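Here is the structure we will look at.
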Amino acid sequence: MKIEPFIKNSGERRLSGAKSARETSMLELESLFKLSYPMCIICSKKAGRFNGCIVNTVFQIVPEPPMVAVSVNRQCLTHEYIADSKVFTVSILSQKTPMSFIGRFGFRSGRDIDKFKRIKYEIGRTGVPIILDNTAGFLEAEVTEAIDVETHTLFIGKIIACVTLDDGKIPMTYTYYRDVKGGRTPRTAATYIKKKTKPEQGAKEMKKYKCIVCGYIYDPAVGDPDNDVEAGTAFEDVPDDWVCPDCGAGKNEFEPTEN
Ligand SMILES: Cc1cc2nc3c(=O)[nH]c(=O)nc-3n(C[C@H](O)[C@H](O)[C@H](O)COP(=O)(O)O)c2cc1C
């Protein structure tokens, strides 16, 4: 299929900086952080079991009938559940959602933990949970199409119910999550961008590491004695199955602090 260019060339225009668009590297991935997204939990079901995960890729595609799409990584258990049941719910999170809540649904897999333990939810028309904690509103959808896109599937769904639960709750955007709450995304997220790391210099020192989910700092001088990590243990030597004592994020969700 031949796709015509979307914008006809109407003469050279310069970017506000010195470079023209052609002169820039054109792959400054951080510029994608300027896009805005909603922070949501999608849930689905399979063989009488429920699961859900954080997504920031829900968007409305057409008004009539109202339809939405969501991009889900094939590694996620939630993907397996949506592919099986062909239904999903979307709970739209409020700005006040605690980081530990996002950590549980966005950095842990339902393969390892029961995400619904001590969480308020109700079962919707699709037979799938709608999360009630920290939720401004929700929608339920039936999948009409699934499109493979590299590592992810774009599930397109027809909305069969959508409700505002609390007008007073301000929905959280991904920008707010990143810039105000200091949150990050795991490698499975559709909008994950690899952090640029500075080359190591000089001798290896024992660095402090920060949990990118909740901000907990692992200090090697202190260790985590409550969880059998002795004081004086370098982060690299902490066991691989150790998790953040505050939010439960895995070791791969930590990054070295600046100093
Ligand atoms: C802010 C944020 C945004 C995310 N967005 C997406 C997304 O759009 N699609 C996706 O597949 N995963 C996304 N994730 C990652 C999943 O929530 C994560 O991989 C989760 O652990 C999957 O859980 P599951 O295996 O129980 O389904 C996001 C995570 C965070 C923290």
Side-chain angles (χ1 to χ4, degrees), residues 32-33 35-47 49-61 68-85 87-95 97-117 119 121 128-129 131 134 141 143 146-157 171-195 210-216 243-244 246-255:
L32 297 178
F33 290 143
L35 292 171
S36 188
Y37 307 86
M39 289 284 288
C40 307
I41 295 180
I42 44 161
C43 293
S44 193
K45 62 177 180 181
K46 183 182 175 184
R49 297 176 72 105
F50 301 136
N51 197 54
C53 73
I54 300 276
V55 289
N56 59 359
T57 47
V58 176
F59 66 98
Q60 184 174 358
I61 318 172
V68 283
V70 58
S71 170
V72 187
N73 193 300
R74 277 197 287 278
Q75 286 177 14
C76 296
L77 185 63
T78 312
H79 182 285
E80 184 182 319
Y81 282 25
I82 300 175
D84 186 81
S85 65
V87 281
F88 62 89
T89 64
V90 176
S91 303
I92 304 158
L93 295 178
S94 79
Q95 268 186 1
T97 305
M99 292 301 265
S100 55
F101 192 83
I102 295 173
R104 175 198 289 226
F105 280 93
F107 284 83
R108 312 292 309 276
S109 176
R111 293 188 182 93
D112 306 320
I113 58 160
D114 174 6
K115 298 193 189 180
F116 292 88
K117 208 169 166 185
I119 296 286
Y121 65 89
V128 171
I131 307 285
N134 309 304
V143 174
I147 302 168
D148 277 352
V149 188
E150 306 288 341
T151 47
H152 288 61
T153 299
L154 189 68
F155 290 108
I156 296 177
M172 194 196 302
T173 62
Y174 180 53
T175 307
Y176 185 90
Y177 169 72
R178 282 190 61 85
D179 294 353
V180 180
K181 295 180 84 89
R184 295 291 178 268
T185 48
R187 285 156 192 77
T188 44
T191 53
Y192 171 73
I193 292 175
K194 197 167 181 231
K195 199 179 173 208
K210 182 179 174 187
C211 173
I212 58 176
V213 182
C214 71
Y216 166 87
V243 294
C244 173
D246 280 359
C247 74
K251 206 180 152 188
N252 59 344
E253 306 305 345
F254 278 70
E255 62 186 23

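Start at 1 and go down the list; that is how both ligands and their atoms are numbered. The structure presented is a predicted model; accordingly, all values stated were derived computationally and were not measured.
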Any atoms of ligand 1 less than 4.0 Å from a non-hydrogen atom of [X]? List them with their elements.
| X | answer |
| --- | --- |
| Val72 | 11 (O) |
| Ala189 | 4 (C), 5 (N), 6 (C), 12 (N), 13 (C), 14 (N), 28 (C) |
| Thr78 | 24 (P), 27 (O) |
| Lys115 | 23 (O), 24 (P), 26 (O) |
| Met39 | 1 (C) |
| Gly110 | 24 (P), 26 (O) |

Heavy atoms of other groups near [X] [atom1], more than 12 under 6.0 Å:
| X | atom1 | value |
| --- | --- | --- |
| Gln60 | CD | yes |
| Arg74 | CZ | yes |
| Lys115 | NZ | yes |

To the nearest 0.1 Å, how far is [atom] from its closest protein heavy atom, and which atom is that?
| atom | answer |
| --- | --- |
| atom 25 (O) of ligand 1 | Ser109 OG, 2.7 Å |
| atom 9 (N) of ligand 1 | Ser71 O, 2.8 Å |
| atom 11 (O) of ligand 1 | Asn73 N, 2.7 Å |
| atom 8 (O) of ligand 1 | Thr57 OG1, 2.8 Å |
| atom 14 (N) of ligand 1 | Ile54 O, 3.2 Å |
| atom 31 (C) of ligand 1 | Phe107 CE1, 3.4 Å |
| atom 21 (O) of ligand 1 | Arg108 O, 2.8 Å |
| atom 18 (C) of ligand 1 | Gly106 O, 3.2 Å |

What distance do [X] atom [atom1] and [Y] atom [atom2] have between them, rounded to the nearest 0.5 Å?
| X | Y | atom1 | atom2 | answer |
| --- | --- | --- | --- | --- |
| Arg184 | Thr191 | CZ | OG1 | 11.5 Å |
| Met99 | Arg104 | CE | CZ | 15.5 Å |
| Ile113 | Phe105 | CD1 | CZ | 8.0 Å |

Report the residue from Asn51, Asp84, Thr153 that forms a side-chain hydrogen bond (donor to acceptor under 3.5 Å, both in side chains) with His79.
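When side-chain hydrogen bond (donor to acceptor under 3.5 Å, both in side chains) is applied between His79 and each of Asn51, Asp84, Thr153, only Thr153 qualifies.
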
So, is [X] polar-close to ligand 1, with some N/O to N/O distance under 3.5 Å?
| X | value |
| --- | --- |
| Asn51 | yes |
| Gln75 | no |
| Cys76 | no |
| Thr188 | yes |
| Cys53 | no |
| Tyr177 | no |
| Arg184 | no |

[Y] backbone acceptor or donor facing [X] side chain under 3.5 Å:
| X | Y | result |
| --- | --- | --- |
| Asn56 | Met39 | no |
| His152 | Val70 | no |
| Ser109 | Asp112 | no |

If we only consider heavy atoms of Tyr192, is any one of them less than 4.0 Å away from an atom in ligand 1?
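It does not; every heavy atom stays at 4.0 Å or beyond.
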
Can you find a non-hydrogen atom of Glu80 under 4.0 Å from ligand 1?
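Contact check Glu80 vs ligand 1: negative.
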
Can you name the one residue among Thr89, Ile54, Val72 that meets side-chain contact (heavy atoms from CB on, under 4.5 Å) with Ile42?
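Among the candidates, only Val72 passes.
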
Contact partition for [X] relative to ligand 1, non-hydrogen atoms under 4.0 Å:
| X | value |
| --- | --- |
| Phe105 | backbone |
| Pro186 | side chain |
| His79 | neither |

Within the 6.0 Å centroid threshold, strictly below: Phe155 and Phe88
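Not under 6.0 Å, so no.
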
Can Ser85 and Ser44 be counted as having a side-chain donor-acceptor contact under 3.5 angstrom?
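Side-chain D/A pair, Ser85 to Ser44: present.
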
If you apply the rule side-chain contact (heavy atoms from CB on, under 4.5 Å), what do you find for Cys247 with Cys211, and how did you get there?
CA-CA 9 Å; Cys247 74; Cys211 173; 3.7 Å; yes

Is the charged tip of Arg178 near the ring of Phe33: under 6.0 Å from the six-membered ring centre and within 45° of its axis?
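Here Arg178 passes the 6.0 Å and 45° test against Phe33.
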
